[in-house]
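Below you'll find the structure, written out as structure tokens, and then a few comments.
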Amino acid sequence: MPVACLREGDFGTAMDRAISLALRWLEAQQKPEGYWMGWLESNSCMEAEWLLAFHFMGIRDPVKEEGLVKAILRAQRPDGSWQVYYNAPQGDINTTVECYAALRSVGFSPDHEVLKAARRWILSHGGLNSVRVFTQYWLALIGEWPWEATPTLPPELIFLPGWFPISIYEFASWARATIVPLAVLSARRPVRPLPPDRRLDELFPQGRSSIRPKLTRPQQFFSWDSLFYWGDRFLNKYTSFPFRPGRETAIRLCLEWIIRHQESDGAWGGIQPPWVYGLMALYNEGYSLDHPVMSRGLQALDAPHWSYWKDGALYVQASNSPVWDTVLSLLAMLDCGADARSSETLRKAVNWLLEQQVTSYGDWAVKAANVEPGGWAFEMANSFYPDLDDTAVAMMVLARVLPDWPGPAEPIIKALERAERWVRALQSSNGGWAAFDKDNTNRLVTRIPFCDFGEVLDPPSVDVTAHVVEALAAVGRNRRDPAVRKALRYIKSEQESDGSWFGRWGVNHIYGTSAVLQALRAIGEDMRQPYVRKAGEWLVVHQNEDGGWGETPASYMDAKLRGRGESTASQTAWALLGLLAIGDHAYRDSIRRGILYLIEHQRDDGTWDEPHYTGTGFPGYGHGGRTRLNGDADTLEQGLELCRGFMINYNMYRHYFPMMALARARKFLCGMG
Ligand SMILES: C=C(C)[C@H]1CC[C@]2(C)[C@H]3CC[C@@H]4[C@@]5(C)CCCC(C)(C)[C@@H]5CC[C@@]4(C)[C@]3(C)CC[C@@H]12
């Protein structure tokens with residue numbers, strides 16, 4: 001019988017069946033150590049940059065090379081370009097140029113059909129003059145772009161202390177860990193040229209003299225842009241001065257910083273850029289490939305949390321998500337009625353989670369001194385950068401398992417106390433929480449000419465704040481708590497006029513709105529208030545005909561696309577979780593249709609398909625975007641063309657979020673757990 005025709009009683013049975021199938025699938029995915037980790041899909045720059053890094057460091061590894069090439073070829077779009085998310089309306093110039101250069105570096109002929117199509121696309125989309133600074137750096141490293149035409153990044157930045165208006169600690173953690181090695185490369189300007197028959201001459205149809213430096217002279221002389229422009233001009237010349245006091249010391253300090261920040265898995269910061277640039281900077285300073293720091297860093301590429309083989313292709317992840325996937329899987333299991341006494345799966349995962357709490361000091365301590373560590377990071381190994389999102393969800397899980405925990409309660413209580421202290425200390429002055437740092441909001445750093453990539457700041461976001469509020473509720477705090485009060489003020493002030501909230505780390509307003517509604521419910525807010533209802537109405541109005549919800553990453557560039565897109569399992573689940581948090585029976589029909597969508601789209605093995613990218617790294621920019629940076633777009637077309645967005649397909653979002661929605665809807669619709 002089609003699920004849409006089910007009567008109330010049968011509907012409950014269908015939900016039960018969907019839940020138990022999903023639980024079975026989830027249990028089967030648990031790793032022997034106790035955690036879960038789905039693939040974190042992003043874009044082909046990951047594979048392309050490794051191929052270019054191999055070239056730069058003279059590494060010959062035909063097996064990996066072939067695997068990386070296959071991954072790149074498989075991702076090419078019919079128009080010859082490469083994109084930054086599934087079904088994107090446009091290819092991406094940076095990704096396409098990097099893939100092109102990588103394929104040339106391993107010997108693809110410019111007459112190969114793949115490259116002919118890519119070249120046509122690149123040349124009709126502004127050519128090499130339109131690429132971001134990172135891509136220019138890659139081209140400069142392989143001798144295809146003059147270093148003098150790139151914005152400089154002085155290693156002397158490392159001298160500036162944390163309290164100074166510009167220092168590495170004013171940058172978001174991910175930018176900081178990336179610019180330290182890049183500053184070393186920018187100062188040295190190394191070139192490992194491609195062999196003559198692999199050079200990119202064909203990408204300069206008007207000759208290499210057509211190269212335009214990234215920076216143009218600002219019209220106003222007395223402005224920040226002008227100051228940074230002339231500063232950059234000076235630093236560009238400075239690189240070739242015979243006498244540069246302090247430069248060698250700055251480079252040495254950068255190298256020491258890099259080595260100090262290497263993680264136990266050999267990578268850096270749990271993300272790809274500092275890892276690859278770190279290795280190249282060290283290599284360029286004379287660290288041989290068999291130096292312990294280098295060999296650990298290179299071996300990390302083989303670690304199952306960094307790369308995976310699929311049908312002969314080798315994919316490298318931008319980051320890895322074992323902690324995030326584990327805490328969310330645990331929440332889903334708990335929602336579905338699993339408990340620590342009877343579930344070995346759950347106990348094993350909680351024990352693994354307890355071991356992951358970061359109890360050492362990281363970069364966050366520069367701005368939040370005298371605070372005991374106590375957060376969780378997102379990745380397998382990332383002790384310098386625990387984040388508030390993972391910490392918040394870990395707290396929710398631990399608080400929920402505590403009453404039934406069959407072993408000693410002490411370790412869980414201690415872990416929760418530490419985490420709460422850490423979280424409270426990292427609240428920003430406006431009441432919100434950012435992903436990693438407190439008050440990382442100095443907009444001056446966004447004016448630095450080098451910073452044309454994604455986001456360089458980590459300001460508080462509504463979704464992280466909502467998760468932290470929910471976590472504080474889970475450990476027994478209420479609306480009278482001063483930190484919660486301040487956070488609620490911030491959340492309310494961020495509500496859009498249409499009733500929704502922006503999603504910083506998930507796509508997009510469906511994610512933000514859902515996170516807020518769940519937090520409001522958890523903290524005991526009166527859910528009948530008009531501002532809450534307005535959010536509920538926004539969700540209902542954006543439900544698709546098929547009963548599901550969807551929102552495209554293009555909504556970051558075009559406000560008209562907010563809440564619009566093909567239905568997906570994860571976004572349907574978020575919308576449902578939002579409506580269920582309001583808990584009003586006026587939404588019963590909408591909830592029922594959403595649940596039917598999930599049941600109808602569940603696969604026989606218990607999980608869901610979801611090729612769409614619903615996770616956000618950088619929201620992108622331009623028309624309708626939030627953060628305006630140098631050279632922002634004014635129209636949607638420009639915005640899409642220049643999109644700096646970094647989108648993610650977290651392969652387990654399609655699973656644990658629907659589980660939570662099904663389990664909570666089961667209670668709401670049928671009044672049973
Ligand atoms: C738990 C989450 C959903 C969030 C909270 C913040 C993160 C930990 C992310 C931090 C930023 C990176 C990234 C954008 C930094 C720059 C390099 C990359 C483009 C490779 C990064 C991609 C992964 C992140 C988005 C992140 C680690 C993912 C999880 C985040």
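In listed order, ligands and their atoms are each counted from 1.
- Of the protein's heavy atoms, Ile648 CD1, 4.6 Å lies nearest to atom 24 (C) of ligand 1.
- The shortest contact between atom 23 (C) of ligand 1 and any protein heavy atom is with Ser319 CB, 3.9 Å.
- Here the options are Trp324, Trp608, Trp574, the test is side chain to side chain donor-acceptor pair (under 3.5 Å), and the partner is Tyr653; only Trp324 passes.
- Remark: minimum distance from atom 22 (C) of ligand 1 to any protein heavy atom is reached at Phe646 CE2, 3.9 Å.
- For atom 15 (C) of ligand 1, the nearest non-hydrogen atom from the set Trp174, Trp505, Phe436 comes from Trp174.
- Between the side chain of Glu379 and the backbone N or O of Pro322, no donor-acceptor pair lies under 3.5 Å.
- In terms of protein heavy-atom proximity, atom 2 (C) of ligand 1 is closest to Asp389 OD2, 3.7 Å.
- Looking at atom 25 (C) of ligand 1, its nearest protein heavy atom turns out to be Gly617 CA, 3.5 Å.
- Counting only heavy atoms, the protein gets under 4.0 Å from atom 20 (C) of ligand 1.
- For atom 1 (C) of ligand 1, the nearest non-hydrogen atom of the protein is Asp390 OD2, 3.3 Å.
- Classification of Glu496 and Arg562 as a salt-bridged pair holds, one side-chain N sitting under 4.0 Å from a carboxylate O.
- Aromatic ring orientation, Phe54 versus Trp50: perpendicular (interplanar angle above 60°, classes split at 30° and 60°).
- Atom 29 (C) of ligand 1 is approached by the protein to below 4.0 angstrom, counting heavy atoms only.
- Given atom 13 (C) of ligand 1, the protein heavy atom at minimum distance is Ile271 CG2, 4.5 Å.
- Under 4.0 Å is where a charged nitrogen must lie from a carboxylate oxygen, and between Asp265 and Arg296 no such pair does.
- Using cut-offs of 30° and 60° on the angle between ring planes, the pair Trp422 and Trp364 is perpendicular.
- Of the charged side-chain nitrogens involved, at least one lies within less than 4.0 Å of a carboxylate oxygen, so that Glu372 and Arg418 count as a salt-bridged pair.
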